[in-house]
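Structure record follows, encoded as structure tokens.
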Amino acid sequence: MKYDKPTVCVLDASTYVGFWILKGLLARGFRVHAATQKNGETEIQKRIREMEKEEERLVVFSVDVLDYHSILLALKGCSAVFCCLDSPEAYDEKMVNLEVRGAINVVEACAQTDSVEKILFSSSLAAAIWKEDISSEKDVDEKSWSDPEFCRKLKLWYALAKTQSEQAAWALSMDRTLKMVSINSGLVLGPNVAQQNPRTTMSYLNAFVDVDFLVNVHIRALEDQSACGRYFCFSHTVNTEDEAVKLAQSLSPLISLPPRYHYEGSEAHTERLRTKKLSKLVEGAAY
């Protein structure tokens, strides 16, 4: 059977966001290389293997992001890659270094192919909102970056991983003249998110996005040739800690409440977050 849509790669397709991007691509007629990391047989990996048996446009690859050559095999023949790196375990300093190295290997592997034309890098708002003087900024937009030293001081390992891996990917992609777009999402909500993404904490609940909308944005960024740079992606905000606690409670018991959220009345200042670029990207797209 002939297909009009190109072949793309989703790496790591066994992460929560990666899996839903994989499903969205297949639903839109793309041929997909689903690259999953060798971290045990998770529920999502089992589902992907079952999908491969029924979907002729899906090919599954087992990769190690620290093994450059395994990434190259998964990228063969692909015109774009969705890079969705995420740890299945709690983040610590070691995990930060592993994710940064993984991001570098993915971008370098793309540079060594003859086919990859664009990288869609799935990042986080956590890579933009954590720094000492953030409250003094009028707007927090795509030009904003979290301060690595501030993240280290507060042991915000997830934010540090997202900041440094995205910065490393940008630096290398520019050096290798690769076209890259990053999608910096808020807290992702969707079916079974607490079970499949249990590391989520209240630290990232101030802005959130439905996984279907997030998938649409990623695919829109692939198809829109004018898409470039970073895009903040969230569809809802939580403006008080009381609202945040209620949201977390609705996701309990797998999402815990850190002690600092036992205090009342503190505003989250999400009104400073800007998504003007995102609005332009999705303009005219049907959701």
Side-chain angles (χ1 to χ4, degrees), residues 8-22 32-42 44-45 48 60-76 78 80-113 115-116 118-128 145-146 148 151-152 156-176 178-185 188 196-200 204 214 218 221-222 230:
V8 298
C9 179
V10 181
L11 190 167
D12 180 353
S14 63
T15 62
Y16 186 77
V17 172
F19 175 70
W20 285 95
I21 290 175
L22 165 63
V32 184
H33 288 186
T36 64
Q37 291 199 67
K38 304 170 184 177
N39 51 17
E41 188 76 348
T42 66
I44 289 181
Q45 287 176 327
I48 292 174
V60 180
F61 293 82
S62 181
V63 303
D64 178 352
V65 293
L66 301 183
D67 178 3
Y68 170 81
H69 296 288
S70 72
I71 299 173
L72 277 174
L73 290 174
L75 295 181
K76 187 176 182 180
C78 294
V81 57
F82 292 82
C83 184
C84 311
L85 301 182
D86 219 355
S87 170
E89 308 295 337
Y91 274 84
D92 55 20
E93 194 165 10
K94 179 181 178 182
M95 193 56 65
V96 172
N97 295 329
L98 289 175
E99 189 157 312
V100 172
R101 289 170 61 194
I104 291 172
N105 281 343
V106 171
V107 175
E108 183 59 41
C110 289
Q112 297 304 318
T113 71
S115 58
V116 174
K118 184 184 281 189
I119 301 171
L120 293 307
F121 195 88
S122 187
S123 188
S124 169
L125 282 177
W145 285 96
S146 293
C151 293
R152 285 187 185 279
L156 299 169
W157 303 124
Y158 174 81
L160 183 62
K162 296 308 172 185
T163 302
Q164 293 193 323
S165 62
E166 187 189 344
Q167 288 178 332
W170 275 117
L172 188 56
S173 64
M174 287 188 285
D175 183 70
R176 299 292 190 269
L178 285 168
K179 187 170 185 179
M180 182 172 126
V181 176
S182 71
I183 310 297
N184 296 71
S185 68
V188 181
Q196 296 174 9
N197 200 22
R199 297 171 300 91
T200 305
Y204 311 104
L214 180 60
H218 276 80
L222 167 66
R230 306 170 86 202

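No experiment lies behind these values; they were computed from the predicted model shown. Throughout, numbering of the chain's residues begins at 1 and tracks the sequence.
Formation of a donor-acceptor pair under 3.5 Å by the Ser14 side chain with backbone atoms of Gln45 is not found in this model. Of the possible donor and acceptor atoms, none in the side chain of Ser182 sits under 3.5 Å from a partner among the backbone N and O of Phe121.
The shortest distance between side-chain heavy atoms of Glu108 and Ile71 does not fall below 4.5 Å. At a threshold of 4.5 Å between non-hydrogen side-chain atoms, the residues Glu99 and Trp157 do not count as touching. Put simply, the side chain of Asp12 reaches to within 4.5 Å of the side chain of Thr36, judged on heavy atoms. Using a 4.5 Å heavy-atom threshold, the side chains of Leu160 and Tyr91 count as separate. Between Ile21 and Cys84, the closest side-chain pair of non-hydrogen atoms falls below 4.5 Å.
Under the rule for a side-chain contact (heavy atoms from CB on, under 4.5 Å), the partners of Ser173 that lie at least two apart in sequence or sit in another chain are Val107, Trp170, Leu178, Met180. By the ring pair (Phe, Tyr, Trp, His ring centres under 6.0 Å) test, His218 is found to be paired with no residue, residues two or more places apart in sequence or in another chain being considered. With sequence neighbours excluded, the residues satisfying side-chain contact (heavy atoms from CB on, under 4.5 Å) with Leu72 are Tyr68, His69, Ala109, Gln112, Thr113. Taking Arg101 as the reference, nothing meets the salt bridge (charged side-chain N to carboxylate O under 4.0 Å, His left out) condition, with sequence neighbours excluded. In this view, Ala74 and Cys9, Ala35, Phe61, Val63 satisfy the side-chain contact (heavy atoms from CB on, under 4.5 Å) rule, not counting sequence neighbours. The side-chain contact (heavy atoms from CB on, under 4.5 Å) check on Asn97 picks up nothing, with sequence neighbours excluded.
The two residues Cys110 and Val81 have their closest heavy-atom pair at SG-CG1, 3.3 Å. Ile48 and Ala13 make their closest contact through CD1-O, 3.4 Å (heavy atoms, listed as atom of the first residue, atom of the second, distance). In terms of heavy-atom proximity, Thr163 sits nearest to Trp145 at O-CZ3, 3.9 Å. Shown here for Leu66 and Gly102, the closest heavy-atom pair between the two residues is CD2-N, 4.3 Å. Minimum interatomic distance between Val100 and Ala168 (heavy atoms only, all atoms of both residues): CG1-CB, 4.1 Å. Closest non-hydrogen pair, Val106 versus Cys83, comes out as CG1-SG, 4.0 Å.
Distance check, rounded to the nearest 0.5 Å: OG of Ser146 to CG of Leu125 gives 9.0 Å. Atom CZ of Arg152 is separated from atom CD of Gln164 by 5.0 Å, given to the nearest 0.5 angstrom. Between the NZ atom of Lys38 and the CG atom of Asp67 there is a distance of 6.5 Å, given to the nearest 0.5 Å.
Tested against Val17 for a side-chain contact (heavy atoms from CB on, under 4.5 Å), the candidates Val10, Ile183, Val188 yield a single pass: Val188. Considering Val65, Asp64, Asn105 in turn, Asp64 is the only one that fulfils the side-chain contact (heavy atoms from CB on, under 4.5 Å) rule with Ser70.
Between Lys162 and Asp86, at least one side-chain nitrogen of the basic residue sits less than 4.0 Å from a carboxylate oxygen of the acidic one, meeting the salt-bridge criterion.
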